[in-house]
Amino acid sequence: MKVLVIGGGGREHALVWRLAQSPRVKKMWCAPGNGGIAAEAECISIDAGDVAGLSAFADKMRPDLTVVGPELPLVNGIGDIFRERGWSIVAPSKQAAQLEGSKVFTKEFLGRHHIPTAKMYGVFDSAAAANAALRHVEWPLVIKADGLCAGKGVCVAADAVTAADFIDRALEKEELGAGGSRILLEEALEGEELSFIILTDGERFAPLVPTRDHKRAFDGDQGPNTGGMGAYSSDELLPAALEDMILRTVVEPTMRGLAADGIPYQGFLYFGLMLTKAGPQVLEFNCRLGDPEAQAIIARMDFDLAEVLADAAAARLDASKLKWKPGSSVCVVAASGGYPGKFAIGHRISGLTDIPPQTGVTVFHAGTRLEHGAIASNGGRVLGVTAARPSVEEALAAVYGAISKIRFEGMQYRRDIAAHASRVKAAGD
C-alpha cells in the first residue's frame, strides 16, 4: 500500500508514525511534512491547502490511500475531488466540512436537529449591531468567528469591554481575515470539556478513546487560547453511563441529521463537548482528528491503522477492529516563546537523542525543519512529547522526564497537563 498523508504538524507526524508500523504500508509521502516526519516518510513540498497541487501529485503517484490531517484541504473540497477520480481518501465532503468551516452552519444544524448546544444570541456582520446586542446578553459571553481563523476565532468575554475589543478586531480591523467577517454571540456553558471523536465510513461509526486538551497557553488555564498545549486520554474520562448519554443525545442524532440533510459524511468527526449539569452539549465540530488529541489517541492504538482507514474509505468499517491499550496517555506540547503571539523560529533543538527508546516516549514533531543536518524550530507548537502508560500519573512522569532533556531557545510548556483528570470523571458522573 502507498499512502499519502496531508499536513505538516504533530497530528500528521503521529499518523505517519502509526501508519509506518503497518506491514501493509510499503511507501509513504507527507505533504508538506516536517523535520521529524522526514525520517519516516518522503516529504513533498506542497502546501496542505493546495488541493490542485495535491491532486496533480496524486494523479502522478497514485497513492492507494490518502489521509487528511488539517481542516483547510477538507474545507477546500479535497475529499470530493479525490473520490471523483476514484482515489481512496479518508475525508468528508466539502459540504460536510462546513461543520467546521462555518460556526453559523453548525449552530443552524444543531438547532434543526435538536442536538444540545449553547443558546445563540445572534449572528452579526456589523460591529455596531453586535455591540448593540451586548446590552441583552448574559455574562460571560462566547464570541465566535464564523470561519476558519487558525485557532484564534473564539473569545470568552467576561465583560462588555473585552467583547467590544474582539468585535472591533474581527469586524472593523479585520484581524481575523475573511473567517472573521461574520461573528456569532452565544451563552457560555459551565462544566468540563471533553473531546469525543468518531471514525465513520458514511453508515457505520466507531468511537475513539476519549481525550481532553488544554487550550490556554499557561499553567492554571491562564493566558490566551492556543491550538492546544497538551492533551491526555484515560479510560476514566468516560464512564459507561456518560458514553451512552453522549452517543444517544449527541452522536446518533448528528449522524441521523446529516443523513436527513443529504450530507454524506466519511472520515473523522470530532465532537467538542461541554459536560454540563444538564448533560453533554456541543461546543464545536471538527471534521478531523484534533491536535494534540490525535497524539494521545494514536499512542493508545493497538490495531493496524492503515487497514482500518482503508476499510473506512471503502465503506466497510468494522468497529470491532479498533482495539486500545488500557490505561492512559499524555501529550505535552513544547512551544516557541511568545506563542500564540509573535515568536521566533530557526532555533536549534537539542536533547532529542537523549531520550532512550526503552522509555517508550515518542516525540512527535509539529513545527520543525531540517537545517544543515540538525532539527530547528519552525512554528509556534514545536514538539509533542507523548507516552502511554497504565495510569495518568505514570504517563505524566514519563513525558515530563523526557521533556526536561529537550532544549531550544525560548521553549515553553505547561507543567499541569492532565491536572483535572479526576475532576472530569466527577463531572461525567
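Computed from a prediction, not measured in an experiment: that's the story for all the values here. In what follows, residues are counted from 1 in the order of the sequence shown.
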Original post:
Does any non-hydrogen side-chain atom of D59 lie less than 4.5 Å from one of W87?
Top reply: yes
Original post:
Only one of V250, V282, L273 clears side-chain contact (heavy atoms from CB on, under 4.5 Å) with P116; which?
Top reply: V250
Original post:
Regarding E293 and S195, is there a side-chain donor-to-acceptor distance under 3.5 Å anywhere?
Top reply: yes
Original post:
Rounded to the nearest 0.5 Å, how far apart are OG of S55 and CZ of R85?
Top reply: 5.0 Å
Original post:
Can you tell me how far the CG atom of L322 sits from the CD1 atom of I198, to the nearest 0.5 Å?
Top reply: 11.5 Å
**OP:** Flag yes if more than 12 heavy atoms outside K405 fall under 6.0 Å of its NZ atom; otherwise flag no.
**Re:** no
Original post:
Between D261 (side chain) and I263 (backbone), is there a donor-acceptor pair under 3.5 Å?
Top reply: no
Subject >> Between CD1 on residue I46 and CG on residue L4, distance to nearest 0.5 Å >> reply: 8.0 Å
Original post:
Is the number of heavy atoms from other residues, nucleotides or ligands under 6.0 Å of E252 CD greater than 12?
Top reply: yes
Subject >> Steps toward side chain to side chain contact (heavy atoms under 4.5 Å, CB included) verdict (L258, L99) >> reply: CA-CA 10 Å; L258 289 167; L99 285 174; 3.9 Å; yes
**OP:** Look at atom CD of Q21 and say whether more than 12 heavy atoms of other residues, nucleotides or ligands are closer to it than 6.0 Å.
**Re:** yes
Subject >> Aromatic contact, F364 with H13 (centres under 6.0 Å) >> reply: yes
Original post:
Is there a side-chain contact between N286 and E71, using heavy atoms and a 4.5 Å cut-off?
Top reply: no
Subject >> Atom pair CG/CG of L148 and N76 - distance to nearest 0.5 Å >> reply: 8.5 Å
**OP:** May I ask you to say whether R348 pairs ionically with E409, meaning some side-chain N is under 4.0 Å from a carboxylate O?
**Re:** no
Subject >> NZ/NE/NH1/NH2 to OD/OE distance under 4.0 Å, E175 and R169 >> reply: yes
Original post:
If you take all heavy atoms of V25 and L19, which pair is closest and at what distance?
Top reply: CG2-O, 3.4 Å
**OP:** State the OG1-CD distance between T276 and E192, to the nearest 0.5 angstrom.
**Re:** 12.0 Å
Subject >> Sidechain N-carboxylate O distance under 4.0 Å for K107, E186 >> reply: yes
**OP:** State, to 0.1 Å, how close I37 and C43 come at their nearest heavy-atom pair, and which atoms those are.
**Re:** CG2-SG, 3.9 Å
**OP:** Could you tell me the separation between the OG1 atom of T162 and the CG atom of L141, rounded to the nearest 0.5 Å?
**Re:** 10.5 Å
Subject >> salt bridge (Lys or Arg N to Asp or Glu O under 4.0 Å) between R24 and E307, intermediate numbers included >> reply: CA-CA 8 Å; R24 297 167 179 262; E307 178 184 350; 3.6 Å; yes
Subject >> Lys/Arg-Asp/Glu bridge criterion (N-O < 4.0 Å) met for E284, K103 >> reply: no
Original post:
Going by atom types alone, do S233 and R300 pair a side-chain donor with an acceptor below 3.5 Å?
Top reply: yes
Original post:
Can you find a pair of side-chain heavy atoms, one from L194 and one from F271, that are under 4.5 Å apart?
Top reply: no
Original post:
Looking at Y413, is R415 sitting on its ring face, NZ or CZ under 6.0 Å from the six-membered ring centre and within 45 degrees of the normal?
Top reply: yes
**OP:** Output yes when a side-chain donor or acceptor of R381 lies under 3.5 Å from a complementary backbone atom of D291, and no otherwise.
**Re:** yes
Original post:
Aromatic rings F109 and H113: how do their planes relate, parallel, tilted or perpendicular, breaks at 30° and 60°?
Top reply: tilted
**OP:** Could you verify whether a donor N or O on one side chain and an acceptor N or O on the other, from S102 and D146, lie under 3.5 Å apart?
**Re:** yes
Subject >> Under 3.5 Å donor-acceptor, E243 side chain and A240 backbone >> reply: no
Original post:
Does the side chain of K94 reach to within under 4.5 Å of the side chain of V75, using non-hydrogen atoms?
Top reply: no
Subject >> Derivation of the side chain to side chain contact (heavy atoms under 4.5 Å, CB included) call for W29 and M61 >> reply: CA-CA 10 Å; W29 302 277; M61 306 308 295; 3.6 Å; yes
**OP:** For the pair H214 and Y232, name the ring-plane relationship: parallel under 30°, tilted 30 to 60°, perpendicular over 60°.
**Re:** tilted
Original post:
Can T226 and K152 be said to form a side chain to side chain contact (heavy atoms under 4.5 Å, CB included), step by step?
Top reply: CA-CA 7 Å; T226 71; K152 299 178 181 179; over 6 Å; no
Original post:
Does C331 reach the side chain of P292, with side-chain heavy atoms less than 4.5 Å apart?
Top reply: yes
**OP:** Might you work through the side chain to side chain contact (heavy atoms under 4.5 Å, CB included) test for D201 and D311, ending with a clear yes or no?
**Re:** CA-CA 8 Å; D201 65 3; D311 286 350; over 6 Å; no
Subject >> N/O donor-acceptor pair under 3.5 Å between Q412 side chain and Y339 backbone >> reply: yes
Original post:
Is the shortest distance from a Lys or Arg side-chain nitrogen in D318 or R316 to a carboxylate oxygen in the other one below 4.0 Å?
Top reply: no
Original post:
V90 and side-chain contact (heavy atoms from CB on, under 4.5 Å): which partner among V308, L65, L15?
Top reply: L65
**OP:** Look at the side chain of D213 and the backbone N and O of A231, then say whether any donor-acceptor pair between them is shorter than 3.5 Å.
**Re:** no
Original post:
Hey, which of M28, R11, E40 is the one that makes side-chain contact (heavy atoms from CB on, under 4.5 Å) with V5?
Top reply: M28
Original post:
Going by heavy atoms in the side chains, are L383 and V333 under 4.5 Å from each other?
Top reply: no
**OP:** May I ask you to decide whether R414 forms a salt bridge with D221, counting only side-chain N to carboxylate O separations under 4.0 Å?
**Re:** yes
Original post:
Does any non-hydrogen side-chain atom of V251 lie less than 4.5 Å from one of L269?
Top reply: no
Original post:
Looking at side-chain heavy atoms only, is the closest gap between R288 and Y270 below 4.5 Å?
Top reply: no
